[in-house]
Amino acid sequence: MANILVVDDDNDLRPLLKITLSKLGHSPTLATRGEEGLALALANKFDLIILDLMMPDIDGYEITRRLRADARTQDVLILILTARSQPADQKVAMEAGADGYLTKPFNHSVLDSRISEMLRTGPHRAARPAGGTGMLSLPGGRTGGTGMLSLPSARVSVVLSLRGGVGTTTVAVNLAGLFARAGRRACLVDLSPSGGHVALQLRLRPTATWADLPLTPNSNTVGQMLVRHDSGLSVLAAPAEPVRQSLPGETFQALLEVLRGGFTEVVIDAAPVLDSPTSVALSAAAYIFLVLTPEVGAVQTAIGTLKSLASLPVPENRIRIVLNQVSPEPGLPPTAVEKALGRPPDWVIPYDRAQTAALTHGAPLVFSQPAAPLIASLVSFAGKLLEPVNV
Amino acid sequence: MQKIVVNADFFTETHRISGRVELGAAGFMGLLNDTNSSLIEAQNTYVSRLQEPTRIVAHGETVSLIKSNLTLVILPRREDIGPAGAAQAGTGYTRVIASPVLVTTPTFEVRGFVETLGKPDHAALLVGGSNKFLPLYKAMVVATLYPDPPYAGEVVLVNRAVVQALTQIARGKD
C-alpha cells in the first residue's frame with residue numbers, strides 16, 4: 001500500500017481516481033489545485049504524486065520543479081497524468097523532474113501497472129532521464145514498461161542507407177561507442193536481417209539476437225538478449241546468418257520502448273530496406289544519419305531515400321547526410337553530392353586506412369585509435385550531437 | 001443522445017489552445033462542419049503561445065473558438081473524429097486509399113495521409129463538398145517559424161479556408 005497524492009483540478013476524474021486507487025489498496029489524498037497539492041506534498045510524506053499538468057493556479061511543470069528543489073520532496077515519485085499528449089510536453093515534464101508520464105484518457109489497469117512499476121523501481125533515481133555513467137542492467141534496474149505507459153526518454157539515432165557497402169555499421173558502431181565513451185547509457189541495435197556485423201565489429205559473441213525476442217518483449221526478455229561490450233555499450237545483435245523475416249513492427253515498437261526506458265542513447269543500425277521496424281525506428285528518431293559514399297549509385301539511392309523519408313513523413317531537420325569516403329579513390333566531390341542532394345553533407349568522413357585493421361581485429365577506432373581521422377571527424381561532428389535535442 | 005468528452009489541441013496562427021470538447025454522435029468533424037454554429041466551446045482550456053508551446057500563459061474554464069479562425073486541430077485519437085462516413089465524405093464499395101501529402105498554411109506545414117475513395121482528387125479535397133476541415137491522418141505539424149518542437153497527432157484537421165498548398169509527396173497505393 002502506498003500513500004498517493006492526487007493533484008488534479010478535474011472534478012470528474014479526481015473522485016474516480018480515489019476509488020480506483022483505494023481499490024488497488026493505496027491510500028489516496030486529493031488536492032484540487034496546484035497550491036493545495038504543493039502544500040500537502042511538502043507537509044506530508046507521500047510515496048507517489050499523481051500530478052495534472054494543466055491547472056489554473058500553478059501548472060504541473062512548476063509544481064514538479066518546486067518539489068524537486070525541496071529537500072523534503074526531491075525523491076518523491078511523480079507521475080504526470082495529463083491530456084497534453086505532445087512529445088514536447090512530455091519532454092518538458094521529464095526535464096522538470098517527473099518520473100513518469102501518462103496521457104488521458106487512460107485505462108485503469110494501465111494506471112495500476114504504471115504505479116506498481118514506479119513503486120517497485122523505487123524513488124526518483126529509478127527513472128530520471130540523465131546522462132549518468134555506467135550501464136544499467138535492464139532486468140534488475142529501470143524498466144521500460146509496456147504499451148503506451150512506457151516513458152520514452154532515450155534519444156534514438158538511426159543510421160541508415162538503402163545501399164549496402166557504404167559503411168553504415170561502421171558509423172553506427174563508432175557513434176554508439178562515442179556515446180558510451182562519453183558516459184552515456186548507450187545501446188546499439190543491429191536490425192539487419194541478412195547477417196548483421198555489429199557484433200563482429202565489436203568482437204562480441206552474442207548468445208541471443210533479436211530473432212529470439214518474443215512477440216511482445218518486456219524489460220526482462222530484452223535484458224536477456226543484450227550483450228555488453230567492455231566499454232559499457234550494450235548491443236542487441238542481429239542473427240549472424242540471414243533470416244527470412246525481419247522483426248515485426250509491433251515487436252520492435254515494444255522493444256524500442258523498453259530500450260528508451262533503460263538507456264539514454266539508442267543507436268540503431270538500420271537494415272537497408274524500409275521495412276516495418278525501420279519505419280518505426282525512423283518515426284522515433286531524433287536523428288537519422290543517411291550514409292552514402294561519393295559515387296553515383298550511392299547518391300542516386302540517397303536521393304530516393306530522401307524522397308521516401310519525406311513521404312513517411314520524417315521531418316527533414318532530423319536528417320543528417322553523412323558522406324563516407326570508404327576508399328582511397330576520391331570519387332565525387334562533396335560539392336557534386338551537395339548539388340545532387342540539394343543540400344550539403346552534414347558530416348564528411350575522410351578515408352581512414354586504419355578502419356580496415358579495425359574491422360579485421362574487431363576493435364572499433366573509437367576505442368582503439370581515438371586519434372584516427374575517422375574518429376576526429378566524428379568527435380568534431382558529435383559536439384552538436386551531444387547537445388540535448390527535442391524528440 | 002450520448003455525449004463524449006475528448007481532449008484536443010487547437011491551433012490558431014499564434015496560439016496553441018488545449019482543452020476538452022463535448023462531442024455528439026457526429027464526432028469532431030460533425031462539430032466543425034455544423035453550419036448552425038460558428039463557434040466551438042471548449043472547457044478547461046489552457047493557452048500557450050506558439051513560441052513556447054509548453055508554457056501555459058492563460059487558463060479559461062470555457063473558451064469560445066471561432067471555427068473559421070482556427071488553423072488546425074490535433075486529435076490524439078482517431079476515433080474522436082467521428083463516423084468514417086463524415087470523415088471520408090462517403091462510404092461505399094471503393095477501397096480507401098491513404099496517400100501521403102504535405103499541406104501548407106501561412107503558419108504551419110502538415111505532413112500526413114489523406115484517405116480517399118479511389119485516387120485522391122486535389123480539387124475535391126480542397127474545395128469540394130461542404131466540409132470546412134480536411135482530415136490528415138498520422139500527421140506531423142511544424143510551425144514554420146518555430147519548427148522545434150514539432151507536433152503529432154493521429155488526426156489533424158486543417159481548416160481548408162487557410163490552406164495555401166496541398167501536394168502529394170509520394171504515390172499512394174494503386
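Treat the numbers as computed from the prediction; the structure is a model and nothing was measured. So that the names make sense, note that chain A is the first sequence line, chain B the second, and so on, each numbered from 1.
Ranked by heavy-atom pairs shorter than 4.5 Å toward chain A, the options B:A139, B:A152, B:G60 are led by B:A152. For the set B:T54, B:L102, B:N7, the entry with the most heavy-atom pairs within less than 4.5 Å of chain A is B:T54. Interface remark: of the candidates B:R111, B:M140, B:E61, B:R111 forms the most heavy-atom pairs closer than 4.5 Å to chain A.
Between B:Y46 and A:M54, the closest heavy-atom pair is OH-O, 3.0 Å. Residues B:I169 and A:A310 share a closest heavy-atom pair of CD1-O, 3.1 Å. What you find for A:D89 and B:P53 is that their closest heavy atoms are OD1-O, 4.4 Å.
A heavy-atom distance below 4.5 Å is found between the side chains of A:R84 and B:I56.
More than 12 heavy atoms of other residues, nucleotides or ligands sit less than 6.0 Å from atom CZ of A:R343. Within 6.0 Å of atom NZ in A:K104, more than 12 heavy atoms from other residues, nucleotides or ligands are found, so the atom counts as buried in its surroundings. Remark: B:Q51 CD is packed, more than 12 non-hydrogen atoms of other residues, nucleotides or ligands lying under 6.0 Å away. Enclosure of atom CD in B:Q43 by more than 12 non-hydrogen atoms of other residues, nucleotides or ligands within 6.0 angstrom is indicated.
The part of A:D59 that comes within reach of chain B is its side chain, from C-beta onward, which places non-hydrogen atoms under 4.5 angstrom from that chain. Using a 4.5 Å cut-off between heavy atoms, B:I74 contacts chain A through its side chain alone, with no backbone atom that close.
Going from atom CG of A:D9 over to atom NE2 of B:H59 covers 6.0 Å, rounded to the nearest 0.5 Å. B:R77 contributes atom CZ, which lies 9.5 Å from atom OG1 of A:T103 (distance to the nearest 0.5 angstrom).
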